[in-house]
Amino acid sequence: MKIIRATEMGMCFGVRDALQIVNEVPNPTQVTIHGELVHNPRVIHQLGVAGFVQASEVNRDEAAETPVVLITAHGVSDKERSRLNSSGKQLIDTTCPLVRRAHDAAMKLAAEGRHVLLIGKPGHVEVQGIVEDLDRYDVVPNVDAVKRYDSKRIGIVCQTTMPSHLLDQIRSEIAAQNSEADIRFVDTVCHPTKRRQAAMQDLVQQVDAVVVVGGRNSNNTRRLAELCQEHNVPAVHITCAEELDAVWFDGFEIIGLTAGTSTLDSTIDAVHDRLEQLTGGVKPITGSARVSGSGVEQHLNVNFSQT
Ligand code: SF4
């Protein structure tokens, strides 16, 4: 069996930089990480072992007991930053500059008097950080959520990890249902996401099935798995090498390997090594190498609702 790695995958510079800053913190027990630093259970476990206090993403508004609060790469709203400052906390800010750019774009559109539409996942921490500073907005997760908005001026931004093709569909629907509005769009999908999505488009053309590595609650990892599904290529979403099972790959000749932006290089390499060990004895099938359909996804134990 052949394994093809996506040409772009794994940790983005925003997450790498955040981890670098965390690695240099001299007194972890004095620091509360404001939500999940990365959507990666192993990293989160290691941070706990190092002594960091970690606030869950749903309870970030609870008062931290440590004197220092570390803001993650997903960022927070200006309101939240002020709240933390006024409670006397010292802040370590690892907000990715491309998340900051999305936040600034939304604020600028609002300042132009536009009703802001944020195309993204409702409740996601990055999305929350942007909309909490807006007076008027809607979060639009998909085409079905688009409606006619009660505004003549509309501004559109997007979550940094939004798939481009989905973004295009939603934008078209917004334009169709609000044909009389003056609509301004700022593309805030980050370049690392775009490069990974392009690499994924290439990968699915070459393989029979794909292994996607990343945290269960990692939005961009889930998007990679969904992209396989859209191309009718079976995918299995795992968080680490130990979750691989040889039976999943029986009948495939070419397996693709990709990973979300929260995945460590060492985890990707471990999955690659384990894939080679597990699939070394699998007999190649004859005839068409491509296997498609939901039945195969079931065989691969894909559970998109879980991711
Ligand atoms: S996915 Fe993009 S926006 Fe998010 S941390 Fe990485 S580089 Fe920054």
Side-chain angles (χ1 to χ4, degrees), residues 6-24 33-44 47 54 57 60 70-78 80-81 91-108 118-133 139 141 156-167 185-201 212-227 237 239 258-265 267-268 307:
T7 52
E8 294 265 355
M9 66 169 152
M11 214 160 260
C12 59
F13 81 91
V15 173
R16 274 186 208 283
D17 287 356
L19 282 173
Q20 179 69 32
I21 292 169
V22 164
N23 280 338
E24 291 166 4
I33 299 177
H34 202 51
E36 288 191 17
L37 183 70
V38 289
H39 294 133
N40 179 321
R42 292 205 162 188
V43 173
I44 287 174
L47 292 170
Q54 298 179 76
E57 296 203 329
R60 293 193 307 167
L70 186 142
I71 295 169
T72 70
H74 297 107
V76 292
S77 63
D78 290 343
E80 177 67 351
R81 196 174 273 104
L91 300 186
I92 301 173
D93 194 348
T94 72
T95 305
C96 175
L98 300 184
V99 172
R100 170 51 63 182
R101 177 175 165 267
H103 182 276
D104 291 348
M107 296 303 286
K108 199 166 170 203
L118 174 50
I119 298 177
K121 185 180 175 191
H124 187 279
V125 282
E126 178 192 317
V127 170
Q128 281 307 110
I130 294 171
V131 299
E132 274 173 15
D133 285 331
V139 179
I156 306 174
V157 290
C158 36
Q159 190 173 340
T160 55
T161 50
M162 200 71 197
S164 301
H165 68 286
L166 193 54
L167 183 60
F185 167 65
V186 183
D187 184 357
T188 53
V189 175
C190 73
H191 292 301
T193 290
K194 286 182 177 172
R195 287 199 297 270
R196 279 156 180 73
Q197 287 173 0
M200 194 63 189
Q201 296 278 2
V212 182
V213 192
R216 293 276 172 222
N217 55 348
S218 161
N219 194 50
N220 69 81
T221 306
R222 194 191 67 240
R223 293 291 188 196
L224 291 171
E226 286 172 352
L227 205 144
H237 179 172
T239 62
T258 189
T261 55
S262 303
T263 312
L264 299 169
D265 293 344
T267 305
I268 299 171
T307 55

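The analysis underlying the following values was restricted to heavy atoms, covering all of them including side chains, and did not include hydrogens, waters or symmetry mates. All figures in this text were calculated on a predicted structure; none of them were measured in a lab. We count ligands from 1, going down the list as the structure has it; atoms in each ligand are counted the same way.
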For this session: Measure from atom 6 (Fe) of ligand 1 to each N, O or S atom of C12 and report whether any distance is below 2.8 Å.
Result: yes
For this session: Using only heavy-atom distances, determine whether the side chains of Q20 and E24 contain a donor-acceptor pair under 3.5 Å.
Result: yes
Problem set entry | Which of the ligand 1 atoms, numbered from 1, are nearer than 4.0 Å to a heavy atom of T160 | 3 (S), 4 (Fe)
For this session: Among all protein heavy atoms, pick out the one at the shortest distance from atom 8 (Fe) of ligand 1; state its residue, atom name and that distance to 0.1 Å.
Result: C96 SG, 2.3 Å
Exercise. At a 4.0 Å threshold, what atoms of ligand 1 neighbour a non-hydrogen atom of P192?
Worked result: 7 (S)
Problem set entry | Test log, rule side-chain contact (heavy atoms from CB on, under 4.5 Å), inputs T161 and R223 | CA-CA 8 Å; T161 50; R223 293 291 188 196; 5.7 Å; no
Seminar exercise, completed: Interatomic distance, OG1@T193 vs CD@E8, rounded to 0.5 Å, equals 11.0 Å
Problem set entry | Minimum-distance protein heavy atom relative to atom 2 (Fe) of ligand 1 | C190 SG, 2.3 Å
Seminar exercise, completed: To the nearest 0.5 Å, atom NE2 of H103 lies from atom OG1 of T95 at 9.5 Å
Problem set entry | H165 side, atom NE2; Q201 side, atom CD - distance, nearest 0.5 Å | 7.5 Å
Exercise. Which of the atoms of ligand 1 are close to V99, meaning less than 4.0 Å from one of its heavy atoms?
Worked result: 3 (S)
